[in-house]
Amino acid sequence: MSQLAVIYLDLYNLIFDIISNIEEGSESRMSKITKIELVEFSFTVANSGPSEDGYDTIYTPDADGKSSSLAVRIETSDGIAGEYVGGVPLAVGQSAYLAKKIIGRNPFHRLDFYEEFKRGLRKYDKMGAGIIDIALWDWAGKRLDTSVATLLGASRRHLPAYASTYHGDPNGGLTTPQDYADFAQHCVRLGYGAFKMHGWTDGNVKREVDAILLLRDQVGPDIQLMLDPACQLRTLSDALRVGKACDEADFLWWEDPFRDGGISQSAQKILRERVRTPILVGEHMRGLESKADLAVSGASDFVRVNPNYDMGITGAMKTAHMAEALGMDIEVHGAGPAQRHCMAAIRNTNYYELALVGPKSGSSFPPIYACDYSDALESVGADGTFPVPSGVGIGVQYDWDLIRGNATNTIVFQ
Ligand SMILES: [Mg+2]
């Protein structure tokens with residue numbers, strides 16, 4: 001190397017170090033987390049109530065079902081707030097435990113928090129971490145004046161969606177196989193190119209099979225169909241009967257079939273050997289490492305992730321890249337702005353889950369948006385897609401008067 005080249009390289013390194021130090025210094029001067037507000041709040045869902053066993057929400061005429069959600073607002077010393085609504089109320093203790101530990105810290109340092117939260121909650125499911133990570137992505141987007149999808153490097157603007165139903169009910173909503181077929185055809189007329197049935201919760205396998213076959217018969221061959229018993233089938237034998245029906249009806253996937261809870265790798269392998277329809281499990285396993293073990297075990301055809309449950313957008317994108325490396329598709333669970341930004345930046349994924357919907361049920365989402373963002377059934381485009389929000393951060397504005405006005409538990413750290 002010539003002397004001139006050595007001098008040039010030294011000069012380049014010096015300038016690089018100076019710029020890096022300035023950036024690090026300016027970040028730490030300008031941006032520290034000063035306050036975190038966690039708000040658990042309640043809302044009503046029209047025409048909804050508990051299923052017979054009390055663990056699912058089903059269509060219940062003239063009843064206002066109670067539901068709840070968790071909001072977070074992270075304020076920083078430069079006057080910008082990162083916000084997110086969609087946390088897991090059952091995990092509010094975890095969220096509070098983590099929130100107080102990052103007061104005074106640099107809000108850009110999401111990867112440090114990911115590592116700390118993972119170890120700090122190693123004895124627990126870590127479901128309280130996601131809401132904080134997503135709010136910090138929202139903050140970063142606002143701070144840098146761009147959307148989270150853009151920060152992730154995505155250019156995709158529209159996401160093909162499937163209508164994902166409530167569980168069946170005995171009350172005249174989704175009560176018969178024909179009810180599902182009628183509702184699927186309604187969704188197709190709205191623009192959806194895919195439809196997922198959550199079946200009944202009473203273990204009636206014949207009715208489940210009848211609905212699967214009727215759906216294919218009545219929507220025709222061009223609509224993608226999926227089934228999610230959500231672990232309600234009682235036995236492996238019941239699951240095999242239902243899986244064979246999915247084969248006959250050419251379903252795109254079936255999901256968490258039976259009472260192993262969607263976590264038994266040996267059970268899923270038996271199902272995968274005897275049923276041709278691709279199986280999707282993993283929604284009930286937490287953590288990048290557990291999902292990687294499931295993927296390489298050969299127990300699932302797809303990987304499942306939800307940024308709310310799986311350590312935020314940071315955790316979801318790590319999981320998506322793991323799946324990509326294995327040549328597998330990853331399906332993002334649930335609806336919301338965080339899901340949309342993640343999906344925009346994932347090549348190996350298929351459908352946005354517009355959940356939960358039914359022919360007579362109200363929206364399962366609280367009316368929290370003070371902007372035109374919507375996860376209503378009817379908000380689908382004629383081409384069957386939902387847009388990726390283009391505003392800064394996660395691209396939505398929240399109605400904090402409504403959220404705080406319906407608070408049932410408020411925790412503030414500063
Ligand atoms: Mg599911």
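All ligand and atom numbering here is 1-based and tracks the order in the structure.
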*Option passing ring-ring contact (aromatic ring centres under 6.0 Å, His included) with Tyr162 (candidates Phe386, Phe195, Trp253)*: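 Only match with Tyr162 under ring-ring contact (aromatic ring centres under 6.0 Å, His included): Trp253.
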_side-chain hydrogen bond (donor to acceptor under 3.5 Å, both in side chains) between Thr314 and Asp133, worked out_ = CA-CA 7 Å; Thr314 300; Asp133 176 84; 2.6 Å; yes
*Are a donor atom and an acceptor atom from the side chains of Gln178 and Gln218 found within less than 3.5 Å of each other?*
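Checked: Gln178/Gln218 side chains pair up, N/O donor to acceptor below 3.5 Å.
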For the Mg ion (ligand 1), find the closest N/O/S atom on [X] and give its atom name.
{"X": "Glu255", "result": "OE2"}
{"X": "Glu283", "result": "OE1"}
{"X": "Asp228", "result": "OD2"}

*Are any side-chain N or O atoms of Arg216 and backbone N or O atoms of Ala249, one a donor and one an acceptor, separated by less than 3.5 Å?*
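The answer is yes, because a donor-acceptor pair under 3.5 Å joins these two groups.
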